[in-house]
Protein chains: 2
Amino acid sequence: MSISGDTLRGHTDTIILTQLLRADNYGYEINKKIQQRTHGQYGLKEATLYTAFKRLEQNGLIRSYWGQDGPGARRRYYSITQEGRRRWEENTREWAATRALLDALISIEEE
Amino acid sequence: MSISGDTLRGHTDTIILTQLLRADNYGYEINKKIQQRTHGQYGLKEATLYTAFKRLEQNGLIRSYWGQDGPGARRRYYSITQEGRRRWEENTREWAATRALLDALISIEEE
DNA sequence: ATGAAATACCTTGACAGGCGAGGTATTCTA
DNA sequence: TAGAATACCTCGCCTGTCAAGGTATTTCAT
């Protein structure tokens, strides 16, 4: 987890939304998947994770429900909404633009 | 300037350092170059710009001096330090890593 | 049997960077 | 001669991150 949080700031929501595109999932597991995908290079801090869930739900981009009471600790599952999918598309498009922009701005080529 | 500030947050310093790699320059002109390079898509807000200069100088990454009194408004020039160059290299390397990471995290491919 | 680790959730408060709003002074231009 | 452009700067708010702290359950090694 060597990547400083600030360079990814603002992308947390998109990262979480991406995880929910395939299927509903709960917080702890979502974060483990993120760590797996990055081979342990990155993971969300718990405080950041749950803050993001709350923000996303308040903005109508995800919905939550308690998992069936089985053995094990209770789990709160999240599902992405239609609005969430729209936002995901918007954000990924913006990311492509941002990436191109920064690439241009930190290259030492002639303008 | 449609790119939201938060997605570039934390990269402001690197963007400015990049401009100073070639030659000393003053704030207003640096920002204009940034705007030119991005074809008007992005520019730093003045408050952000001058905050960044102060931060960079306090961290020893740039140095400043007043331009020769000629006609026109006074200009404060900045030059990048050795430490600033080191940091620039570090930051651009980190950016490459961050970019790869985010690309992986927001793609809908199988993990 | 028992204590530590893992799972799983959550909140509070501090911190830092971006930026809107406001300010100053000079020079150029219509 | 008024307004736009150049050029600098500060204050205070907002927002996302995260260290630190908390709760409750289950699994596992000793």
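Just so you know, these numbers come straight off a predicted model, no measurement behind them. Residue numbers begin at 1 in each chain, while the letters A, B, ... track the order of the sequences.
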Next item on the list: Starting from Y28(B), walk the hydrophobic network (Ile, Leu, Val, Met, Phe, Trp, Tyr; side-chain heavy atoms closer than 4.5 Å) and list everyone else you reach, by chain and number.
Entry: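 Traced through the cluster, Y28(B) reaches Y26(B), Y65(B), Y77(B).
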Check: Can you name the salt bridge (charged side-chain N to carboxylate O under 4.0 Å, His left out) partners of R99(B), sequence neighbours left out?
Finding: D103(A)
Given [options], identify the nucleotide with an atom nearest to the side chain of [X].
X	options	result
K54(A)	dT11(C), dG20(C), dC9(D)	dT11(C)
R75(B)	dT11(C), dA7(D), dT15(D)	dA7(D)
K32(A)	dA20(D), dA7(D), dT7(C)	dT7(C)
K45(A)	dC10(C), dC18(D), dT10(D)	dC18(D)
Y28(A)	dT15(D), dC9(C), dC19(C)	dC9(C)
R9(B)	dC9(D), dA16(C), dA8(C)	dA16(C)
W66(B)	dC9(C), dC8(D), dA21(C)	dC8(D)

Can you give me the closest heavy-atom contact between [X] and [Y], atom names plus distance?
X	Y	answer
L102(A)	H11(B)	CD1-CG, 3.5 Å
R22(B)	I108(A)	NH2-O, 3.4 Å
T12(A)	A52(A)	CG2-CB, 3.9 Å

Using OP1 and OP2 only, check whether a side-chain N or O of [X] sits under 4.0 Å from [N].
X	N	value
T48(B)	dC19(C)	yes
T12(B)	dG18(C)	yes
R74(B)	dC9(D)	no
Y50(A)	dT11(C)	no

Margin query: Parallel, tilted or perpendicular, judged at 30° and 60°: which one describes the rings of Y78(B) and F53(B)?
Written below: parallel
Checklist line | Intermediate values then yes/no, salt bridge (Lys or Arg N to Asp or Glu O under 4.0 Å), R86(A) and E89(A) | finding: CA-CA 5 Å; R86(A) 256 196 303 280; E89(A) 274 177 42; over 6 Å; no
Atom [atom1] of [X] to atom [atom2] of [N]: distance rounded to whole Å?
X	N	atom1	atom2	answer
Y65(B)	dC8(D)	OH	P	12 Å
I15(B)	dG17(C)	CD1	P	14 Å
F53(B)	dG18(C)	CZ	C1'	15 Å
R76(B)	dT6(D)	CZ	C1'	17 Å
L49(B)	dT6(D)	CG	P	14 Å
Q35(B)	dA5(D)	CD	P	13 Å
N31(B)	dC9(D)	CG	P	13 Å
Y26(A)	dC10(C)	OH	P	13 Å

Note to self: Reading DNA chain D from 5' onward, which residue's closest nucleotide shows up sooner: H11(A) or Y77(B)?
What the structure shows: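 On the 5' side of the pair lies Y77(B).
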Check: Residues from residues 55-63 of chain A sitting under 4.0 Å of DNA chain C, heavy atoms only?
Finding: none
Notebook entry, point to check: Has the side chain of E46(B) got a donor or acceptor atom sitting under 3.5 Å from an opposite partner on the base of dC8(D)?
Noted result: yes
Notebook entry, point to check: Are a donor atom and an acceptor atom from the side chains of R76(A) and S64(A) found within less than 3.5 Å of each other?
Noted result: yes
